[in-house]
Amino acid sequence: MGTQTFINCSLLAIIITFLVSSYSAHSQDLTFKLIHRDSPHSPLYNPLHTVSDRLKAAFLRSISRSRRFSTKTDDLQSGLIANGGEYFMSISIGTPPSKVVAIADTGSDLNWIQCKPCEYCYKQKGPIFDKTHSSTYKTEACDSKPCNALAKKEKGCDQSRNICKYLYAYGDQSFTKGDVATETISIDSSSGSPVSFPGTVFGCGYNNSGTFDGTGSGIIGLGRGPLSLISQLGSSIGKKFSYYLSNTSYSTNGTGVINLGTNSMPSNPSNGSAVLTTPLIYKTQNTYYYLNLEAITVGKTKIPYTGGGGGSSLNEKTTGNIIIDSGTTFTFLESGFYEKFGAAVEASVTGAKRASDPQGMLTHCFKARHKEIGLPEITMHFTGADVKLSPTNAFLKKDDEIVCLSMIPTTDVAIYGNLVQADFRVGYDLEAKTLSFQRIDCSGSL
């Protein structure tokens with residue numbers, strides 16, 4: 001595989017525009033078009049940033065984000081940085097509808113946005129949602145089911161008005177505070193008629209401060225917990241969703257999609273691309289999506305995975321040992337296992353010598369001049385699903401001479417990041433409690 005074939009990519013933030021592919025009274029199939037943050041089509045595009053600049057920023061966000069999944073503390077929010085999300089989502093909220101752009105996060109539950117009137121709101125691009133102008137805005141009571149779904153440290157009560165309060169504090173000292181309420185969320189259909197979801201629970205943040213990205217108004221939770229948008233849509237989308245992230249991230253037409261609904265799941269097409277299915281592991285911490293990684297094969301060498309799953313019970317410590325997360329760019333593997341894994345990768349690479357990452361970030365890099373680098377095939381062995389990665393999933397081209405492994409060691413829970421998910425349709429069936437992978441052919445040119 002020539003080094004020229006490697007894609008200078010890192011799946012960073014994405015702006016999401018909602019399109020509806022079909023609609024019925026009983027179930028809905030929605031398609032979100034994805035635009036890469038660093039694509040020239042993105043409002044966040046900065047032509048002065050180099051590939052190395054973008055990879056370094058993604059690396060730092062991945063490290064910061066990985067701390068939120070720590071098994072060494074009960075405060076699972078403690079390491080999260082407020083502007084660390086990788087995707088943005090555009091929806092309409094209220095009656096009449098107001099457009100809102102927020103971070104879309106598979107590792108978060110409660111949806112929250114900035115709301116007027118503000119005690120303090122950070123400066124954002126676009127108007128702040130004004131709850132006083134919406135006829136469908138309604139606060140939740142302190143003893144309501146949504147209020148009780150919040151963690152103890154995250155909720156409060158205005159007893160004089162019987163209004164449930166929320167408080168999210170982030171590891172970088174940022175915070176959001178406001179009322180727990182319900183509103184109508186609307187998604188524009190391809191025919192121009194909006195599809196509405198009345199009574200959607202969200203946090204109306206009137207006191208928000210810190211390092212929040214001014215491009216976004218808040219967070220749209222796509223996690224597994226009861227207050228996420230996915231969970232609230234529930235039966236209306238058949239408790240199913242999938243996404244496809246293209247590895248042509250830096251090309252002018254690099255795109256991806258997220259699908260909601262019963263027709264969103266991967267299926268066997270005529271080209272014979274197999275659907276690989278593995279169980280979703282449910283744990284006491286119900287926000288994240290856990291899988292069970294049994295081994296990784298490098299070339300012909302199969303290495304049993306030794307990382308634990310954290311948690312308090314014996315079952316939780318031995319199962320569900322990796323979190324699949326679309327918001328983390330790089331993949332994290334348990335450090336003891338990583339030593340054997342990295343050595344196997346180094347032994348299998350041909351036509352190149354071990355080299356240092358010029359930016360000091362990635363541990364296993366290889367350098368070749370005017371030669372073709374032979375890279376090993378890497379297969380992730382999840383329970384019941386052997387997922388073969390392409391070179392562009394497992395490796396990154398740092399410059400014209402250096403290629404690096406896109407996986408890094410961790411002393412905490414493992415994370416299956418979005419680089420290794422690129423060019424797969426990844427389907428979540430929350431009713432069957434399974435996750436599916438299906439390789440999708442890339443489209444478009446670099």
Side-chain angles (χ1 to χ4, degrees), residues 7 9 11 14 31-32 34 86-87 106-107 222-224 230 237-249 255-282 288-298 302-303 305 307 309 319-333 341 376-395 406-407 414-443:
I7 300 171
C9 71
L11 294 174
I14 291 178
T31 299
F32 313 149
L34 308 181
E86 295 298 302
Y87 305 93
T106 55
L222 302 177
R224 193 170 58 82
I230 295 297
I237 60 170
K239 297 184 179 180
K240 297 175 178 65
F241 74 99
S242 68
Y243 52 74
Y244 164 72
L245 305 175
S246 171
N247 223 336
T248 57
S249 305
T255 60
V257 294
I258 293 182
N259 302 294
L260 302 182
T262 55
N263 294 325
S264 68
M265 299 302 292
S267 59
N268 286 312
S270 58
N271 64 9
S273 180
V275 176
L276 307 171
T277 301
T278 187
L280 282 169
I281 308 300
Y282 280 45
Y288 312 127
Y289 298 104
Y290 291 89
L291 306 177
N292 202 55
L293 179 62
E294 297 179 345
I296 300 179
T297 294
V298 179
K302 189 173 184 178
I303 311 167
Y305 188 70
T319 62
N321 55 15
I322 190 166
I323 295 170
I324 182 167
D325 182 41
S326 64
T328 303
T329 299
F330 291 85
T331 289
F332 292 76
L333 300 172
F341 171 70
E377 182 177 81
I378 295 177
T379 301
M380 313 295 289
H381 299 283
F382 299 101
T383 300
D386 299 331
V387 180
K388 295 182 179 180
L389 304 181
S390 71
T392 54
N393 290 129
F395 296 89
S406 67
M407 305 178 198
I415 302 172
Y416 197 67
N418 59 38
L419 282 175
V420 291
Q421 298 177 56
D423 294 333
F424 286 90
R425 177 173 290 167
V426 184
Y428 296 70
D429 188 333
L430 305 187
E431 188 168 40
K433 298 182 180 179
T434 60
L435 182 136
S436 299
F437 297 94
Q438 182 181 37
R439 170 71 68 178
I440 302 295
D441 290 336
C442 298
S443 61

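Under the 4.5 Å side-chain criterion, counting only non-hydrogen atoms from C-beta, Met380 is in contact with Tyr416. Side-chain contact between Pro376 and Phe395 is present, with heavy atoms from C-beta onward closer than 4.5 Å. Contact annotation: the side chain of Asp325 never approaches that of Phe332 to less than 4.5 Å [non-hydrogen atoms, C-beta and beyond]. Here the side chains of Ile281 and Leu291 are not in contact, with every heavy-atom distance at 4.5 Å or above. Leu276 is not listed as a side-chain neighbour of Phe382, based on a closest heavy-atom distance of 4.5 Å or more. In this structure, the side chains of Leu260 and Ile230 come closer than 4.5 Å at one or more pairs of heavy atoms. Residues Phe330 and Leu419 have side chains in contact (heavy-atom distance under 4.5 Å, counting atoms from C-beta outward). Contact check for Leu293 versus Leu333: side-chain heavy atoms found under the 4.5 Å cut-off.
Aromatic rings from Tyr428 and Tyr243 are positioned such that their centres are separated by under 6.0 Å.
Ser406 contributes atom OG, which lies 8.0 Å from atom CG of Leu389 (distance to the nearest 0.5 angstrom). The OH atom of Tyr305 sits 7.5 Å away from the CD1 atom of Ile296 when rounded to the nearest 0.5 Å. How far CD1 of Ile324 is from CG of Asn418: 10.0 Å, rounded to the nearest 0.5 Å. A distance of 7.0 Å separates CZ in Phe424 from OG in Ser390, rounded to the nearest 0.5 Å. For the atom pair OG1 (Thr379) and NZ (Lys388), the distance works out to 5.5 Å, reported to the nearest 0.5 Å. A distance of 11.0 Å separates OG1 in Thr329 from CD1 in Ile415, rounded to the nearest 0.5 Å.
No donor-acceptor distance shorter than 3.5 angstrom exists from the side chain of Tyr288 to the backbone of Gly223, with no hydrogens or angles considered. Of the possible donor and acceptor atoms, one in the side chain of Thr278 sits under 3.5 Å from a partner among the backbone N and O of Thr383. The main-chain N or O of Ala422 is found under 3.5 Å from a side-chain atom of Asn393 such that the two form a donor-acceptor pair. Of the possible donor and acceptor atoms, one in the side chain of Ser242 sits under 3.5 Å from a partner among the backbone N and O of Ser264. With hydrogens and angles ignored, the 3.5 Å screen pairs a side-chain donor or acceptor of Ser273 with a backbone N or O of Arg439.
Summarising the geometry of Gly238 relative to Glu431, their closest heavy-atom pair is O-OE1, 4.3 Å, with the distance given to 0.1 Å. In terms of heavy-atom proximity, Ile378 sits nearest to Ala394 at CD1-CB, 3.9 Å. Closest of all the heavy-atom pairs between Ser436 and Val275 is CB-CG1, 3.8 Å.
By the 6.0 Å contact criterion, NZ on Lys240 is enclosed, its count of non-hydrogen atoms from other residues, nucleotides or ligands being greater than 12.
Under 3.5 Å, the side chains of Tyr290 and Asn321 contain no donor-acceptor pair of N or O atoms.
By the side chain to side chain contact (heavy atoms under 4.5 Å, CB included) test, Thr434 pairs with Thr277, Asp429, Ala432, sequence neighbours left out.
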